[in-house]
Amino acid sequence: MHANDIELTSAAAARMLDDGEACFVGIGTPSIAALVAKHGHAPNLTLVYESGAYGTVPSTLPMSTGSPSVASGASCLGDCGLVFGDLQAGRIEVAILSAAQVDRFGNLNSTVIGRYRTPKVRLVGSGGAHDIASLVGRTLIVMPHDPRRFVEHVDFVTAPGFDRGGNRPRGTRGTGPVALITPRAVFGFGGGDLRLEALQPGHDAASATEGFGFSVPIADRVEQLEPPTRREMEIMARWTR
Amino acid sequence: MHANDIELTSAAAARMLDDGEACFVGIGTPSIAALVAKHGHAPNLTLVYESGAYGTVPSTLPMSTGSPSVASGASCLGDCGLVFGDLQAGRIEVAILSAAQVDRFGNLNSTVIGRYRTPKVRLVGSGGAHDIASLVGRTLIVMPHDPRRFVEHVDFVTAPGFDRGGNRPRGTRGTGPVALITPRAVFGFGGGDLRLEALQPGHDAASATEGFGFSVPIADRVEQLEPPTRREMEIMARWTR
Amino acid sequence: MTGTSRRSLALSVAEHVHDGDTVFLGGFGHAVPFALGHELIRAGKRDLVICRSGADILADQLIAAGCVSSVIFGWIGNPDVGIAHAFRRAIADGSITWEEWTNWSMVLRLQAAAWGVPYLPAKVLLAGDGPAVIDGLLRVSCPYTGEELAAIPALEPDVAIIHAQRADESGNVQMWGVIGDTVVGALASKRIIVSVEEIVHTSVIESSPNLTVIPAHRVAAVCEVPWGAYPSYVEGAYTRDDDHYVEYDRRSRTPEGVAEHLERWVNVDRDAYLSMIDRHRLATA
Amino acid sequence: MTGTSRRSLALSVAEHVHDGDTVFLGGFGHAVPFALGHELIRAGKRDLVICRSGADILADQLIAAGCVSSVIFGWIGNPDVGIAHAFRRAIADGSITWEEWTNWSMVLRLQAAAWGVPYLPAKVLLAGDGPAVIDGLLRVSCPYTGEELAAIPALEPDVAIIHAQRADESGNVQMWGVIGDTVVGALASKRIIVSVEEIVHTSVIESSPNLTVIPAHRVAAVCEVPWGAYPSYVEGAYTRDDDHYVEYDRRSRTPEGVAEHLERWVNVDRDAYLSMIDRHRLATA
């Protein structure tokens with residue numbers, strides 16, 4: 001059985017989570033990635049949802065961070081204040097985020113396509129994404145390979161990554177984005193700037209960056225990612241098949 | 001059966017509570033006063049304890065605001081943040097306070113007798129008293145008739161009443177103390193200054209202010225308080241006999 | 001509050017929600033107050049400023065129905081399904097204004113009001129493009145450390161509408177499951193209207209006082225409305241009707257479609273509403 | 001935290017409390033962590049800065065035992081019984097320093113740390129003599145309203161010791177009854193040590209997640225210590241031994257008396273301690 005795009009992305013992201021960490025997750029692929037880790041190499045990973053849930057292990061994939069599957073099986077149901085307070089106090093190690101657009105500096109846009117007051121497409125807004133990107137220890141970004149989403153500069157910086165000098169902007173903390181993970185590749189942000197670092201099975205540098213709105217530097221040594229293991233595929237199957 | 005000092009004080013204070021109010025209470029006589037009202041003319045009075053309890057109706061008198069009888073029978077057990085936040089937001093109408101000393105301006109001292117750094121007697125400190133006196137809608141002060149406790153100026157203003165000009169000091173709100181209730185009399189704070197306004201049964205102006213460290217003006221018309229009713233005495237008996 | 005008592009949805013809304021009010025909508029995915037929100041639509045409320053952190057399709061429906069002049073939010077959409085179509089149209093045609101925060105800053109705005117302070121300092125809205133689109137957002141320096149912080153201004157709604165599992169007649173509200181910002185938003189508000197699955201005797205409340213999230217003296221009205229959070233869910237009672245959310249996404253793509261949806265689901269009495277719900281499938285109790 | 005596991009009192013205190021630490025003491029009347037506090041005394045900890053809002057006789061005993069260099073508090077005494085005699089003696093003879101706040105401002109100091117901000121604004125400590133005796137207390141103006149507010153600085157204890165009803169082995173702590181400032185004080189602290197009446201299976205925790213007041217990833221160590229809050233009480237387990245508090249008041253009036261009390265109640269092993277408690281009279285479960 002070949003891994004599909006969500007499985008390739010989720011498994012690669014999962015491997016970047018360490019056992020014992022608290023991981024802020026959103027709905028969709030971020031949840032799957034965290035669950036692959038939790039059911040695999042990181043049994044003591046704590047999934048944290050902005051709705052106030054800690055330690056939840058959703059059996060069905062939640063459609064909202066407040067969904068029934070976030071509540072059932074949680075070991076702690078506090079409120080938004082508990083979770084975001086913990087985040088602001090520097091006590092959440094890692095987050096997995098996604099967005100409509102990402103740029104070469106790891107900035108995320110989930111607010112508007114086009115101009116803010118006269119948008120081409122009005123999106124959902126920050127939710128917790130700005131807060132998480134500003135405050136968490138490090139960020140993993142997961143995206144489908146949709147060329148329109150990879151731009152040199154996002155139309156709106158909802159969730160800050162790095163500034164044009166490759167530094168974390170004032171008013172943020174943590175190391176910022178450490179990886180952009182797609183079904184085709186993993187990109188790092190070594191100097192605060194996107195760089196191709198590893199390829200998913202069957203892809204090369206050209207296909208990994210196909211359609212990107214900017215040119216992407218390539219690491220001296222590009223790793224070849226292993227496909228999801230049989231075990232990882234088994235774990236993911238219930239949400240991705 | 002004659003009312004004892006605690007009963008005279010509690011019953012007089014209870015009558016100053018209106019049905020439907022939220023009333024911040026401490027341990028001892030303040031609790032008894034609130035309970036007399038609650039079991040009598042003010043069934044919809046909400047007793048609030050700083051430990052986070054709302055709507056509690058202690059069956060035995062609590063020794064601490066965190067005592068078992070504060071918890072059992074409470075309709076809401078939040079935390080200190082809920083209660084003090086509510087208070088700071090101006091949502092608690094009235095409080096009943098006591099202290100080691102009260103002065104003619106309604107200032108309360110529960111911090112030290114003597115100088116702060118070299119006290120004659122070191123007391124328990126503010127607890128919530130400063131917070132309540134600064135923020136609640138109005139304050140009732142209940143005290144035993146112990147002349148050493150009635151002074152022109154308290155040694156330390158733990159809980160602010162009025163300043164020497166008879167105004168509420170900057171940094172407080174609410175009307176401040178509206179009454180000082182003792183087993184001998186009720187004093188008002190009309191112009192921000194203590195004034196004898198009503199006498200408990202069997203007392204006159206001289207005995208009501210006996211031993212006070214300052215002279216007390218007397219209202220043009222001094223009321224005569226009714227003794228606690230039979231019903232009030234019945235209510236109080238379980239805590240005061 | 002003494003005056004609290006069991007009220008109908010219609011009476012509660014008539015008494016406590018006025019045109020022009022700022023209205024906090026409860027429900028962070030869980031226990032979204034659809035019954036109360038739909039009553040606002042039936043009552044023809046106008047010029048409401050609606051607010052919450054993550055706003056889902058109830059907010060979109062209030063906008064579609066013409067009740068709303070402005071939205072204050074951290075997120076607005078149809079969770080995991082798509083965007084808020086009526087909201088998108090309304091900002092495109094200029095019929096509403098909006099003020100856009102983040103989920104944490106919205107929670108802090110409400111917390112500030114719940115605690116009676118005019119602002120709270122925070123470590124967000126200091127970077128990215130978000131701060132620039134909030135009119136008049138200011139910063140403060142910590143007087144001790146010199147650290148620069150965002151000053152998040154208090155937001156005190158005139159009224160909150162929330163749904164919960166149960167309350168007693170005097171208004172002690174008990175809620176469990178996902179809390180989100182529902183409780184802080186209610187506590188922030190001048191008046192609180194609550195619909196509950198069940199009104200219970202005070203002895204039930206007193207047997208589990210730690211579950212009471214809002215003490216009675218804060219509550220203006222309580223309505224007993226079983227299934228009052230459908231199509232969202234109530235922990236321990238019924239699960240979320242995910243299909244309904246997907247269906248709303250499809251229909252709300254056009255003004256006609258959303259009008260039909262409101263005609264079907266709002267312009268009906270409670271019995272008809274209940275008869276359209278597949279309660280057998282959704283009940284979890 | 002991954003590393004959390006069932007630990008003895010002695011090991012927990014040895015690993016996580018160091019001389020000179022600022023230690024938050026849990027227990028607002030309810031669930032005062034006497035077993036953990038007494039372990040600090042047995043371990044001979046020195047130069048501790050102890051803090052909480054309303055501090056009762058456990059704080060006084062730590063002072064009497066010479067563990068404490070400073071106390072940060074809103075209230076200190078023996079509730080409804082009298083003053084804290086060892087505290088009084090220690091400040092009279094200059095052997096400890098102190099910093100005196102109010103209960104609300106102490107809660108805000110801890111809340112600021114729990115939320116990772118260096119201060120929170122408040123409407124207290126603006127009048128009376130209290131503000132003048134807090135070294136360096138500053139004010140801020142609200143940048144929106146101009147209102148003058150007290151700037152309450154964050155207090156982040158190095159370690160919290162608290163007692164609760166139950167936890168699982170990974171450290172999810174459940175507490176009910178009076179909460180006071182116990183939870184915020186724990187959340188404010190860098191490390192949290194918890195003693196519980198009972199360690200339960202995680203399935204018990206997951207059946208009532210709203211009762212979890214501290215999520216496991218914050219907890220450094222959990223110890224199962226039945227009667228660990230005696231002579232205070234644990235809701236649903238045992239009631240307060242009021243007589244013990246009265247007795248402590250009597251004995252603690254002299255240095256010799258308090259030394260005798262500590263010899264009797266602290267310098268003993270757990271079985272001997274339990275044998276001195278009239279468990280039959282106090283048990284409520």
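By convention in this document, chain letters (A, B, ...) are assigned in the order of the sequence lines, proteins followed by strands, and residues within each chain are numbered from 1.
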Who are the salt bridge (charged side-chain N to carboxylate O under 4.0 Å, His left out) partners of C:E235, not counting sequence neighbours?
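Scan of C:E235 (salt bridge (charged side-chain N to carboxylate O under 4.0 Å, His left out), adjacent residues dropped) gives none.
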Might you point out which heavy atoms bring C:E206 and B:S75 nearest each other, and give the distance in Å?
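Here C:E206 and B:S75 meet closest at CG-CA, 4.3 Å.
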Write out, in numerical order, the residues from residues 105-124 of chain C with a heavy atom short of 4.5 Å from a heavy atom in chain B.
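So far as heavy atoms go, C:A113, C:A114, C:W115, C:G116, C:V117 are the residues that approach chain B to under 4.5 Å.
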Those residues of residues 80-101 of chain B, ordered by number, that approach chain C below 4.5 Å (heavy atom to heavy atom):
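Checking residues 80-101 of chain B against chain C gives B:G81, B:L82, B:G85, B:D86, B:Q88, B:A89, B:R91, B:I92.
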Considering only heavy atoms, give the residues of residues 223-241 of chain B separated from chain C by less than 4.5 Å, sorted numerically, with 'none' for an empty result.
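Residues qualifying by a heavy atom under 4.5 Å from chain C are absent, so none.
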Heavy-atom distance under 4.5 Å to chain B: side chain of C:N210, backbone, both or neither?
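Interface part for C:N210: both.
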Per-residue contact mode, C:L187 against chain B (heavy atom under 4.5 angstrom):
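Both parts, backbone and side chain.
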As an exercise: rank B:G52, B:G73, B:P43 by heavy-atom pairs under 4.5 Å with chain C and give me the winner.
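Result: the option with the highest number of such pairs is B:G73.
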Hey, what do you get for CG (C:N172) to SG (B:C76), rounding to the nearest 0.5 Å?
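Output value for this atom pair is 7.0 Å.
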